[in-house]
K.L.:
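Have a look at this one before I ask anything.
Note that these values count all heavy atoms, side chains included, but never hydrogens, waters or copies made by symmetry.
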Amino acid sequence: MQEQNKNSTKPPRTHETGSDSGALSGSIETKPSLDNLKRKAADDLDTVKEKAKAQVRNVADKAEEVASEQKNIAARYAASLGSALQKVGTEMQKSDDATVGKYAKELGSTVQSFAKNIENRKLGDMAGMAEDFGRKQPLAFLGMAALAGLAASRFLTASAQKRSTSTASSNLRSDNSSSNYGGQR
């Protein structure tokens with residue numbers, strides 16, 4: 001019985017011939033699995049590329065949508081500026097400054113028509129339109145640039161004054177509340 005126990009603890013000796021066939025089958029299986037891995041990696045890479053392209057398109061579409069909205073707001077603002085220039089020009093024509101009034105009225109009319117043209121156009125078309133407008137109506141183009149600069153400077157000045165006024169009034173309120181603590185002065 002002891003011999004049976006000794007034999008049962010020894011592992012069987014089948015590795016010598018089995019290891020050669022296992023090595024061959026392992027190398028045969030490795031080649032197709034490596035090709036499968038390469039193919040899967042290439043497929044995954046293509047999928048990632050497609051998803052990235054889709055995300056870029058979505059971001060570009062959203063950016064164009066926002067820019068288009070801002071363009072329409074600017075076009076409405078320019079149309080109202082053109083209308084105001086036309087009114088000023090009409091008033092100036094009635095007074096002593098008829099020549100300046102005529103130019104102001106023409107400038108206002110040109111600005112209004114330009115604003116109506118750009119409101120329903122795509123952003124890519126606008127660059128060419130602005131170029132053409134600058135060539136055909138250089139006075140109006142310069143006038144618009146000057147008005148845009150004036151409007152921007154007034155906006156910045158007004159917002160800076162509002163900020164300094166609100167800061168000063170909040171400081172004044174905090175000084176009054178601290179000196180008026182407990183209802184006594």
Side-chain angles (χ1 to χ4, degrees), residues 46-185:
D46 289 341
T47 303
V48 168
K49 283 180 184 179
E50 288 301 317
K51 287 185 179 185
K53 285 179 185 178
Q55 288 295 329
V56 167
R57 280 191 297 265
N58 287 341
V59 168
D61 290 345
K62 293 226 186 260
E64 187 174 346
E65 182 180 319
V66 168
S68 180
E69 289 174 13
Q70 294 299 317
K71 171 199 56 106
N72 289 338
I73 290 170
R76 287 190 292 272
Y77 181 71
S80 67
L81 280 176
S83 177
L85 277 172
Q86 280 184 318
K87 288 177 184 176
V88 167
T90 302
E91 290 298 317
M92 290 178 82
Q93 279 182 325
K94 292 177 183 176
S95 69
D96 296 342
D97 298 327
T99 306
V100 175
K102 176 184 169 197
Y103 287 125
K105 193 173 177 181
E106 285 178 17
L107 178 63
S109 175
T110 305
V111 168
Q112 263 190 324
S113 66
F114 179 73
K116 287 178 185 175
N117 281 338
I118 66 168
E119 191 165 3
N120 295 321
R121 301 275 176 126
K122 291 185 177 183
L123 292 175
D125 298 339
M126 286 180 46
M129 285 179 59
E131 214 173 283
D132 290 342
F133 180 72
R135 284 190 192 120
K136 291 178 183 176
Q137 300 287 336
L139 180 64
F141 189 79
L142 290 174
M144 274 183 35
L147 285 174
L150 178 65
S153 69
R154 291 188 53 104
F155 173 77
L156 292 173
T157 304
S159 64
Q161 287 174 351
K162 184 178 179 181
R163 190 176 322 124
S164 66
T165 304
S166 68
T167 304
S169 65
S170 68
N171 288 342
L172 183 61
R173 272 187 250 129
S174 67
D175 288 345
N176 286 340
S177 65
S178 65
S179 65
N180 201 9
Y181 181 75
Q184 299 174 349
R185 212 167 221 247

K.L.:
To the closest 0.5 Å, what do you measure between CG (Leu150) and CG (Leu81)?
P.N.:
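Here the rounded value is 9.5 Å.
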K.L.:
Quick check on Phe141: does its CZ atom have over 12 non-hydrogen neighbours (other residues, nucleotides or ligands) under 6.0 Å away?
P.N.:
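No - once you tally the heavy atoms of other residues, nucleotides and ligands closer than 6.0 Å, there are 12 at most.
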K.L.:
Heavy atoms only: give me the nearest Ala115-Ala75 pair and the separation to one decimal.
P.N.:
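Closest heavy-atom pair between Ala115 and Ala75: CB-O, 3.2 Å.
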K.L.:
Which value, rounded to the nearest 0.5 Å, describes the distance between Arg76 atom CZ and Lys71 atom NZ?
P.N.:
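Between Arg76 CZ and Lys71 NZ, I get 9.5 Å after rounding to 0.5 Å.
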K.L.:
Which pair of heavy atoms, one from Met92 and one from Gly101, lies closest together, and at what distance?
P.N.:
CB-CA, 3.5 Å
K.L.:
For the pair Ser68 (side chain) and Glu64 (backbone), establish whether a donor and an acceptor sit closer than 3.5 Å, ignoring hydrogens and angles.
P.N.:
no
K.L.:
Answer yes or no: is there a donor N or O on one side and an acceptor on the other, between the side chain of Lys105 and the main chain of Leu85, under 3.5 Å?
P.N.:
no
K.L.:
Measure the shortest side-chain to side-chain distance between Leu147 and Met144 over non-hydrogen atoms and say whether it is less than 4.5 angstrom.
P.N.:
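When only atoms from C-beta onward are counted, Met144 and Leu147 do not touch, as no gap falls below 4.5 Å.
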K.L.:
Between Lys87 and Glu91, does any NZ, NE, NH1 or NH2 come within less than 4.0 Å of an OD or OE carboxylate oxygen?
P.N.:
no
K.L.:
Just verifying a value: how many Å separate Phe114 CZ and Asp132 CG, rounded to the nearest 0.5 Å?
P.N.:
9.5 Å
K.L.:
For Asn72 versus Glu119, what's the shortest heavy-atom pair and its separation?
P.N.:
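Where Asn72 meets Glu119 most closely, the heavy atoms are OD1-O, 2.5 Å.
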K.L.:
Drop me the distance from Gln55's CD to Arg57's CZ, to the nearest 0.5 angstrom.
P.N.:
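Gln55 CD to Arg57 CZ: 10.0 Å, rounded to 0.5 Å.
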K.L.:
Please name the pair of heavy atoms, one in Ala98 and one in Gln93, separated by the smallest distance, quoted to 0.1 Å.
P.N.:
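Minimum heavy-atom contact is O-CG, 3.7 Å.
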K.L.:
Nearest heavy-atom pair of Ser83 and Gln112: which atoms, and what distance?
P.N.:
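Residues Ser83 and Gln112, closest heavy atoms: CB-NE2, 3.4 Å.
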